[in-house]
Amino acid sequence: MQGKRGILYILSGLPGCGKTTLARMMAPYFHAFHLRIDTVEQGLRDLCGCQVEGEGYRLSYRIAGDNLRLGLNVVADSVNPWELTRKEWRQTAVDAGAAYMDIEIVCSDSSDHRSRIENKISSVPGFDLPEWKHVLAREYHPWKTRRIRLDTAGKTPSQSFSELARLIEGERSGV
């Protein structure tokens, strides 16, 4: 398909840092489809009865690619903890003829982050939220490539989103 070129906004960050909250704000603002890995993975568990490992990501790459080929923007909302998954998201955009932006969301204040985890209520039916000890033990590789990095510590969701939108708009001028 020729015409408008979509953008894949690739979110990354540990549970509880604010990714989903920001993704939900980004979707209408950037006229994007919100693709949440937690929803996809829980759907695979519920509907297929499978032990989900990489299937949720691989299925999501396909869904994102379909939408990007239509010229739509996509917000990919996942922990995205390894360079492998980051490369696969980027390749999804490239294969679809779309642009992409890597965005890492962090919460540098551990007490703030812990409070978010301990007070969070699941918005995906049947999805078990991680405990703080599991977030601390989660494998999450450091970034080796350029990305937008947003620290949500001590900020309201609105403040975080305003800052993120400014950062994205600054980057989009080069996309």
Side-chain angles (χ1 to χ4, degrees), residues 6-43 56-57 60-61 63-64 67-68 72-83 85-90 92-93 98-125 127-132 134-136 138-143 145-175:
I7 300 174
L8 177 59
Y9 299 98
I10 307 166
L11 298 186
S12 177
L14 289 171
C17 66
K19 288 182 312 296
T20 299
T21 298
L22 290 168
R24 288 179 176 154
M25 297 169 93
M26 289 173 69
Y29 186 85
F30 292 110
H31 307 286
F33 171 75
H34 176 208
L35 180 55
R36 186 176 179 194
I37 293 291
D38 291 347
T39 302
V40 172
E41 289 182 341
Q42 190 59 43
Y57 276 82
S60 295
Y61 302 148
I63 295 168
N67 283 279
L68 292 166
L72 302 174
N73 298 326
V74 176
V75 178
D77 175 5
S78 65
V79 173
N80 199 16
W82 306 297
E83 184 56 30
T85 57
R86 296 168 190 158
K87 284 181 182 178
E88 289 173 340
W89 279 119
R90 291 190 291 265
T92 296
Y100 63 83
M101 277 190 202
D102 284 315
I103 303 168
E104 184 182 26
I105 309 298
V106 299
C107 181
S108 64
D109 182 322
S110 62
S111 61
D112 186 8
H113 195 177
R114 181 178 186 158
S115 177
R116 292 177 190 186
I117 291 293
E118 292 176 346
N119 294 300
K120 192 172 184 177
I121 298 170
S122 180
S123 60
V124 178
F127 181 71
D128 293 326
L129 294 170
E131 295 177 23
W132 178 241
H134 296 125
V135 172
L136 289 175
R138 181 100 189 221
E139 186 176 357
Y140 186 87
H141 295 196
W143 278 78
T145 57
R146 186 170 185 270
R147 81 242 178 241
I148 292 172
R149 185 175 188 274
L150 176 72
D151 189 348
T152 61
K155 299 175 189 156
T156 66
S158 293
Q159 290 169 329
S160 292
F161 178 71
S162 292
E163 183 177 341
L164 181 58
R166 280 192 307 276
L167 292 168
I168 290 171
E169 291 294 351
E171 288 289 317
R172 273 179 48 163
S173 63
V175 171

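When reading the values below, keep in mind they use all heavy atoms of this one structure, side chains included, and skip hydrogens, waters and symmetry mates. All values reported here derive from a predicted model rather than from experimental measurement.
Contact check for I103 versus I168: side-chain heavy atoms found under the 4.5 Å cut-off. Using a 4.5 Å heavy-atom threshold, the side chains of W143 and S12 count as touching. Side-chain contact between V135 and H113: present, with at least one pair of heavy atoms (C-beta onward) separated by less than 4.5 Å.
By the salt bridge (Lys or Arg N to Asp or Glu O under 4.0 Å) test, R86 is found to be paired with no residue, residues two or more places apart in sequence or in another chain being considered. In terms of the ring-ring contact (aromatic ring centres under 6.0 Å, His included) criterion, Y140 has no residue partners (sequence neighbours excluded). Applying the ring-ring contact (aromatic ring centres under 6.0 Å, His included) test to H34 and every residue at least two apart in sequence or in another chain returns nothing. Every residue two or more places apart in sequence or in another chain was checked for a side chain to side chain donor-acceptor pair (under 3.5 Å) with T145, and none qualifies. Residues that satisfy the salt bridge (Lys or Arg N to Asp or Glu O under 4.0 Å) test with R147, not counting sequence neighbours, are E104. Shown here are the ring-ring contact (aromatic ring centres under 6.0 Å, His included) partners of F33, two or more places apart in sequence or in another chain: there are none. The side chain to side chain donor-acceptor pair (under 3.5 Å) test applied to R149 returns no partner, not counting sequence neighbours. Residues passing the side chain to side chain donor-acceptor pair (under 3.5 Å) test with E163 are K155, sequence neighbours excluded. The salt bridge (Lys or Arg N to Asp or Glu O under 4.0 Å) check on D151 picks up nothing, with sequence neighbours excluded. In this structure H31 satisfies the side chain to side chain donor-acceptor pair (under 3.5 Å) test with no other residue, sequence neighbours excluded. When the side-chain contact (heavy atoms from CB on, under 4.5 Å) test is applied to R146, the partners found at least two apart in sequence or on another chain are E171.
Tested against D77, the residues T20, I37, L22 include a single side-chain contact (heavy atoms from CB on, under 4.5 Å) partner, T20. The one candidate from N80, T85, V79 that meets the side-chain contact (heavy atoms from CB on, under 4.5 Å) condition with W82 is T85.
Between the side chain of S115 and the backbone N or O of S111 there is no donor-acceptor pair closer than 3.5 Å. D112 places no side-chain N or O within donor-acceptor distance of the main-chain N or O of A153, the cut-off being under 3.5 Å. Counting only distance, with no hydrogens or angles, the side chain of K19 and the backbone of S78 share no donor-acceptor pair below 3.5 Å.
For residues 146-171, the pairs satisfying ring pair (Phe, Tyr, Trp, His ring centres under 6.0 Å) are Y29-F161, with sequence neighbours left out.
Residues P157 and T21 approach most closely at CB-CG2, 3.7 Å, considering heavy atoms.
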